[in-house]
Every structure is written in structure tokens, then in C-alpha cells.
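This report concerns only the one structure given below.
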Amino acid sequence: MAKQREYCDVAVIGGGAAGLTAAIYCGRARLKTVLFEKALPGGLATYTSEIENYPGFPEAIPGTALMKLFEKQAKRFGVEFKLTAVKQADLTGGEKVISTFRTDYVAKAVIVASGGKPRLTGAIGEESFLYDKGISFCATCDAAYYTGKKVLVVGSGDAAIEEAMFLTKFADKVQVSVIHDRGIVDANEVAKEHAFANPKLEFIWNTVVDEFRGGERLQQVVLKNIKTGELSPVDVDGCFLFIGYLPDTDLFKGQVEMDGRGYIPTDDNMATNLPGVFAVGDVRVKGLRQVATAVGDGAVGGVAAERYLAEKAYFDEQIMGGSCPTVVYCWNPTDPVCRSLMSDVEKLKEKYREQVKVVNVDMYKAGSLAARLGIQQAPALALVSDRAVAYRALECTDVRAIEAELAKMIG
Amino acid sequence: MAEFSLDALGEACPIPLLKVQKKWPDLKGGDVLIIHIDHSCALKNIPEWARKEGHNVEVEEVEDGVWDIYIEKTA
Ligand SMILES: Cc1cc2nc3c(=O)[nH]c(=O)nc-3n(C[C@H](O)[C@H](O)[C@H](O)COP(=O)(O)OP(=O)(O)OC[C@H]3O[C@@H](n4cnc5c(N)ncnc54)[C@H](O)[C@@H]3O)c2cc1C
């Protein structure tokens, strides 16, 4: 089957809080926006029973309910949803190509919002019990199944402790394996207080998972005491892992710059090392990975993508796309030298009228436009012809050099 | 290339995935299995399992909260 080709302005990879927010901003800017999601729209936030700290919802809200609202809002602004995995992404060129198994999408800008995936313990036997065979990462998904049963939670951060408490509403017994010393968990104080007061929760301190055992399904988790090395088997019906998350960025390796763990560094505008490629949410190198910060990133990244596209269109059409030679004057309106040179530029424009186009670039407002011409400092002039920079006058004080080049060009 | 379909409407996890895994040996390479679901949890584990096994997955939201998962078995 031949692959189809489709075109869009912005491709958003990942439909979690960050991607959905970026898509809302792009959709609202009337950009043709396509969002790719390989699982449930809403991302990791849909794995949690209650979100207590997202402003605007004083009574706490289930993760799935909150994210459904994000999704609805994105759809209202015309965002197109493709519920399939991005299999390949070619991000280095001016045109970015995002491939799913049926279609190649050609996008002018890409927002990477692929978030995280749960970390595994790496213990013996783990692989055999993934995918509904007893090891789970999502309490909201699987809690009901464990009604009246016995489960083990591994981890001690906010997610682990909060989900463990949620599980006590269903399971008969919930044990929590914590790597730290007695009484120490990584969760917030409120969760910690509630957890220690919950009679259905039992903590097993100083332990990590050594082995998962069972037949068709998981039956036993062997914990290892990190101090004594002692192994203790715990009989369970299921085990929930909340030991952190890893960035889902394998797809972009070798193109987008990453740190040693696979997180993507960006500047304040969410720009990556590649022009037209932005990263938002949990995939970024950042200090706090939450819905609220993912939303902030999404807003910034969405607007940055919009500005990038507007600037690119202006550059391609107004600066590079003239039918006659184009003189580009990069200036700074507050600088007296630039202002006096401006009158010379105006005279040049008068003199050559029909034969030349003159464009002024305000370095303060549009420094990145000048950078595309290889100009960092005002005042400077560039002469563009046939979609290429033919001549640059850097640190100039008059228009003589550029006029000489222009004269040669138009004969 | 045959097309099979499975009704998992009203079923919570892990039932939909278990149904898919049970039906799977009946499919040949190139065949497509369509699973109808209305519990969002199945949108997480079914596509992930299928992709991990190397098959192609696409989901269509039929109406609000109801989805068809298409899995194409690779040869
Ligand atoms: C159990 C749990 C409890 C939490 N509790 C809270 C809380 O109470 N408060 C709070 O603020 N935060 C909480 N968080 C954190 C919060 O969920 C994350 O910070 C947030 O989801 C980050 O959003 P994101 O959009 O950056 O990434 P994600 O939510 O991870 O979304 C990324 C999306 O991209 C998709 N994707 C990845 N690769 C591809 C691809 N190749 N093709 C298509 N799609 C792709 C994934 O399927 C995923 O849906 C919790 C997280 C967990 C797991």
C-alpha cells in the first residue's frame, strides 16, 4: 500500500497535558494542527485517581476527567487528532516529516510532547507479568479488578503513596515497599500523614524488588532488604510500580539534542537545537514535572511555534521572495547611528525605485530574522537576489558598498 | 486478508486485552482485528501490547467515549 502524504502547519507529538495545551494555542491561532497520540488522549495524568494540586479544581478531580476537558477544548479549536503512534520523525530539514504506519505528515513546525513512560525495576521475571499479567502502572485502570484482593505498591513518591491510598478503597490489603529507612517517604506531607494513619496500608522498609514469580499471572514478589540482603517473599494478586518515569524520546535520538537520560534541553521559548522544533512538558530538562508546569510549557511552546511560522513566512516571502533585488536594512530605532543611516537607505530606495525592494528589520523586535541573514549586530545591510544573500555590509556607516553591489547587479 | 471483530463494550481492564490475546492466534499475517471498547483503560494497554509485539495499531473514536482499535497483524 502506497503511503499517503498530508500537510499541516504544526504537528504535536503526544496528547498529554503539555501537547494538548500547545495544540489549543495553535488551533486558536488558526494553524492547521495535527496531534498524534498513541494511547489515551490525556497522557500520564489519566493514570491518577485524583489531582489535588491543579489550580481551578478546589475539590480535586480525577485525572481522566481533567484531561477529557483539555481534549474537548482542543477539539473546539479545530485540532485534528490522530490516535496512532508516530513511528518515525525527520526533523532536521525545513519541512518536517512525521510518519505513522499509513501516512507521512509534512509539517512546518513540530512540538515534541511525548512525556514519560513508567520506569521498570529490572528485577528477574518482570517481563513475564507486564500487560495485565499482574504488574500495573495505573491504579485507576486496574484498581477495581483487585477488589477484595492483595496488592503490593513499589515506591514512595507522591504517585506511589497517593495511588496506594486509592487502592485501599478496593483491595483488602495494600503493602508498600519503600527503599528508605522506617518513617521516610518522598511524598508530600499531607499524603504522608494520611498514609501513616491508614490501617489498610502496611509499609515494608529498606526494600527493593528482587524477583517477580508466578505462573500465568503474578503470584509472589520477592523483596530484598538493602541493608541485610535478606530476601522475603510476599504473596500478592497484583503489583503496582511507581518508581519514576523515563522520557519517551528514543524516536528523536540523533536529531534533537538530549541530556544523558534522554530529556530534551530547551531555551525559555521551548525551542530545541533544531529550528522549528519545540519541546514541552515532562520530556524537557526541568525541575518540576506536573500538570501545571506542562500546561505552562504548552502555552509557551504553542505561541513560539506560531511566531516561528509567522517569521518564516515573512522571511520566505518578503525578504527572500522578491521579484527584484532586495536590500535589507537591519537597524535599531533607538540608536542615533542607525537613524542617520536610515535616511541614506530611504534615498537609495528613491533612487532605484522600481528596480529594488527595500525591507527594514528592527533588530530589537525581530533579531532572529536578521540572524537568518547572518547578521547579529545593527546597523547592517544585506543584498538578496534569487532567494540568496548576495552581499552583506556589516558594521557599515554608509550605503556606498551595498549600492555598488546593487549597481553591478542591475547593470 | 480477513477482518475480525471483537466486542468488549462494557468490559473493564484487564478483560479487553485478555480477549484480544485469546483471539490473536486465529489471525494470519495481514489480517486485521477490530476491538470495540468503551473503557478508556483499554486504550492504554491494548495498543501498547500490540505495538510491542510488532503490529500496527490505529484507533478511531466512534463517539464520545467509544473507540474502535484496529490492529493489523504483521506477517
Ligand atoms: C500516577 C501519577 C500521578 C500523578 N499525579 C499528579 C498530580 O496529582 N498532580 C500533577 O500535577 N501531576 C501529577 N502527575 C504528573 C503528570 O501526570 C505529568 O507531569 C503530566 O502528565 C505531564 O504531561 P506531558 O504532556 O508532558 O506528558 P505525558 O502526560 O506523559 O503525555 C505524553 C503523551 O505522549 C504520547 N506519546 C509518546 N510518544 C508518542 C509517539 N511516538 N506517538 C504518539 N504519541 C506518543 C504518550 O502516549 C502520552 O500520552 C502524576 C503522574 C502519575 C503517573
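The chains referred to below are lettered A, B, ... by the order of the sequence lines, with proteins before strands, and numbering in each begins at 1. The model shown is predicted, which means the values in this text are computed figures rather than measured ones.
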Self-check item: Greater than 12 external heavy atoms within 6.0 Å of Arg217(A)'s CZ
Solution: yes
Quiz item: Hey, is NZ on Lys253(A) packed in by over 12 heavy atoms from elsewhere, all under 6.0 Å?
Solution: yes
Quiz item: Given a strict heavy-atom distance threshold of 4.5 Å, which part of Thr46(A) is in contact with chain B: side chain, backbone, both, or neither?
Solution: both
Practice problem: Identify which part of Phe137(A) has an atom lying under 4.5 Å from any heavy atom of chain B, answering side chain, backbone, both or neither. | Solution: neither
Decide yes or no for [X] and [Y]: does some side-chain heavy atom of the first lie under 4.5 Å from some side-chain heavy atom of the second?
X: Asn56(B); Y: Lys87(A); result: yes
X: Leu43(B); Y: Pro41(A); result: yes
X: Cys13(B); Y: Tyr145(A); result: no

Quiz item: Out of Arg51(B), Glu48(B), Lys44(B), which residue meets the side-chain contact (heavy atoms from CB on, under 4.5 Å) rule with Lys38(A)?
Solution: Arg51(B)
Self-check item: Audit row: Leu83(A), Trp67(B), side chain to side chain contact (heavy atoms under 4.5 Å, CB included) steps and yes/no
Solution: CA-CA 10 Å; Leu83(A) 298 184; Trp67(B) 298 270; 4.2 Å; yes
Exercise. Using atom types as modelled and distance alone, determine if a side-chain donor or acceptor of Thr84(A) lies under 3.5 Å from a backbone N or O of Val57(B).
Key: yes
Practice problem: Can you sort out the partners of Glu61(B) under side-chain hydrogen bond (donor to acceptor under 3.5 Å, both in side chains), two or more places apart, ordered by chain and number? | Solution: Lys75(A)
Quiz item: What are the residues of residues 125-135 of chain A, in order of number, with any heavy atom under 4.5 angstrom from a heavy atom of chain B?
Solution: Glu127(A), Tyr131(A), Asp132(A), Lys133(A)
Quiz item: Do Asp64(B) and Lys68(A) meet the salt-bridge criterion of a basic N to acidic O distance under 4.0 Å?
Solution: yes
